[in-house]
Undergrad: 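There's a structure below that I have some questions on.
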Amino acid sequence: MYALVDAVSFYASAEKVFDPAIRSKPVVVLTNNDGCVCAICPIARRLNIPKFGPYFKVKHLLEQNNVVIRSSNYELYADLSDKMMNIIARFCDTQHIYSIDESFLHFDGYTSLIKDWHEYGHTIRRTVWRETKLPVGVGFGPTPTLAKAANHAAKKLSGFNGVAVINSEQTRQAILQRMSCEDVWGIGRRLAKKLKIMNIQTAWDLAQQNPRAMRRAFSVVVERTVSELNGITCLNWDDVRQDKREIYSTRSFGERICEPTALKTALINHVTTVANKLRAQRSLTHQLYIFAASGAHENKYYKKSFVYKFPSPTNDTCVMANAVSEVFNKIYQPGIRFYKCGVGAVELISEQFQQNDLFNKSPDNPKLMQCLDTINKRYGKGMLSLASSKLNDRWHMNRDFLSPQYTTRWRDIPKIYCE
DNA sequence: TCTGGGGTCCTAGGACCC
DNA sequence: TCTGGGGTCCTAGGACCC
C-alpha cells in the first residue's frame, strides 16, 4: 500500500500559519518576480482565478474582491515543509519526499498491521494540523498513481473530507469514474485533449485501455500510467526515488540586466546551486549547459547557450564556476537587456562510477567541497560561498508582497504583546 | 486558459558514420 | 546525383509536474 500526503494549496496555507488574521480571507501567492498566480486558497478558489495565469491579467479581479496577495516566501515554505515532512515521517518508515509539499509513504510489510486506513489517514491529518496548522489531504492506493488519484479524491471530490482509500475493486472504480483523464498523474492538458478525441474521457476509461496500444499511440509514460491505474506497480519504490538525470537552476531577473558583472554573478549563483544539488545526490556531471536570454515578449528575442564539456565529470563548485567564467564572453553581448539566465547539469553519473583520467589529474577538490557543505549545513545556506557569487546583487528578483521569514530570520520572529 | 515561474524527463529529427 | 539501410549521438522542443 502507498500513501500520498500533501498540503491543501501549500503556499497559501503556509501564509496563513503565522497570520491568523488572513485565515478566513481569500489568499493567493505569486511566483518569482510576482509573474504568475501559483497558489490559490480554497476561499479564493471561488473566484475562478486561473492557476499559473499571469498576475497582471487578474490584478483587477483580485483587488475588487479584496484578495490578500503574497509573493513566494521560499524561506518560510521550506522551513514549514521540513516540519511537516518530519511529522508525516513518524507514520511510516519509508517516506519519499516528492516535492516541497508532497510525500509518498510505502507501507511495505505492515499492511496487515493497519486495520483501518481511513482512521490512519485522519490521524495523520489531525496530527499535522495540530502541530503546524497546515491542512493536508491523504490518499491511499496499491500503486503510486492510485495513491495520487485517491489524494485527488480526498481533496477535490465531495464526500471524502480529506482522506480517501483505494483498497478494493469497488473503491477503485468509484473514484476513477468520478475523475477526468486530466486529473490523472502524468496526463496533462495536451494528452487529455487527444484522449478525448479517442472518446477516453474519465480516468476509468483510460484504465480500460490496452497499455501496449497506449505506448504506440503516445509514449512509455502513458503505458505505465495505464498499468498503474490497474494496480500494477511500474513506478516502483526505487524508481520514484531515483536520482535526477538533469539538474537545472534558472531564474528571471526582477529588472532587466545589462551589466556583465550582474549577469555573471547570477550565473555563478546558479552554478553553485547546481553543484550543491549534485553533491547532495552524489552525482557528477559531464556537461554544463549555460544560457542567458532577453525577454520572450521583447521585439528582438535573444538567446545564447553553450554546452561546456568537462575533461572528467565533476561536482566541484570551483571547477564548475570556472567553466562559467570561461564561456561567459560567448554568451554575454553588450546592449542586450537580459531577462533570464540559468545553468543545467546534464548527463549525470553516480560518484561511485567515477573513472579517473590516467593522463589528466582531476582538478576537483572533494575535501574542500566537503568542508564547504559542512559549514553551510551547520551555519546556514550561503554562509560560505565563492567571492564571485557576491560581486553584484542587482540580479535579484522582485518580491513586492513578501511576508516575514517568521522561522528563519531573527528579526522576523513573531512578536507577542501582553498588556 | 495560449501561460510573464521553475524543474525534469522524453522524443523526434538532424548530423554523421559505416 | 539520388536513393536505398541502419546505427549512434546530440539537441531543441514538447509535455508534464508543482
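Keep in mind the model is a prediction, meaning the values are calculated, not measured. Proteins get letters first, then strands, A, B, ... in listed order; numbering begins at 1 in each.
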Undergrad: Give a yes or no answer on whether the side chain of A:Asn315 reaches the backbone of A:Ser283 with a donor-acceptor pair at less than 3.5 Å.
TA: yes

Undergrad: So which one's nearest nucleotide on DNA chain B is more toward 5', A:Phe56 or A:Lys244?
TA: A:Phe56

Undergrad: Base, sugar-phosphate, or nothing for A:Lys57, non-hydrogen atoms under 4.0 angstrom?
TA: sugar-phosphate

Undergrad: Just to be sure I understand the rule, does A:Ile187 reach a base, reach only the sugar-phosphate, or reach nothing, if contact means heavy atoms closer than 4.0 Å?
TA: sugar-phosphate

Undergrad: Using a 4.0 Å heavy-atom cut-off, does A:Tyr339 contact any base of the nucleic acid, only the sugar-phosphate backbone, or nothing at all?
TA: sugar-phosphate

Undergrad: At a heavy-atom distance below 4.0 Å, which nucleotide of DNA chain C is the first touched by chain A, and which is the last?
TA: C:dA15 to C:dC18

Undergrad: Is the backbone N or O of A:Cys318 less than 3.5 Å from a side-chain atom of A:Asp316, with the two atoms forming a donor-acceptor pair by type?
TA: yes

Undergrad: Using a heavy-atom cut-off of under 4.0 Å over every strand shown, decide if A:Val184 touches base, sugar-phosphate, or nothing.
TA: sugar-phosphate

Undergrad: For DNA chain B, write out the stems as range with range, using runs of 3 or more consecutive Watson-Crick or G-U pairs with both distances under 3.5 Å.
TA: B:5-18 with C:5-18

Undergrad: Go nucleotide by nucleotide along DNA chain B from the 5' end; which of A:Arg190 and A:Asn32 gets its closest nucleotide reached first?
TA: A:Arg190

Undergrad: Test the A:Lys303-A:Phe291 pair against the cation-pi criterion, namely NZ or CZ under 6.0 angstrom from the six-membered ring centroid and within 45° of the ring axis.
TA: yes

Undergrad: Answer with base, sugar-phosphate or nothing: what part of the nucleic acid does A:Ile247 contact at a heavy-atom distance below 4.0 Å?
TA: sugar-phosphate

Undergrad: Students often get this wrong, so: under 4.0 angstrom with heavy atoms, is A:Asp101 touching a base, only sugar-phosphate, or nothing?
TA: sugar-phosphate

Undergrad: Is the shortest side-chain N to carboxylate O distance from A:Asp19 to A:Arg70 below 4.0 Å?
TA: yes

Undergrad: Would you call A:Arg282 and A:Asp243 a salt bridge, taking side-chain N to carboxylate O under 4.0 Å as the test?
TA: no

Undergrad: Is A:Arg399 paired with A:Glu75 through a side-chain N to carboxylate O contact shorter than 4.0 Å?
TA: yes

Undergrad: Which is true for A:Ser72 with a 4.0 Å heavy-atom rule: it touches a base, it touches only sugar-phosphate, or it touches nothing?
TA: nothing

Undergrad: In plain terms, say whether A:Arg90 and A:Glu131 are close enough for a salt bridge, that is, a side-chain N and a carboxylate O under 4.0 Å apart.
TA: yes

Undergrad: For the rings on A:Phe310 and A:Tyr308, is their centre-to-centre separation under 6.0 Å?
TA: yes

Undergrad: Mind checking side-chain contact (heavy atoms from CB on, under 4.5 Å) for A:Ile69 and listing every partner two or more places apart, or none if nothing turns up?
TA: A:Val28, A:Leu30, A:Tyr55, A:Leu62, A:Phe401

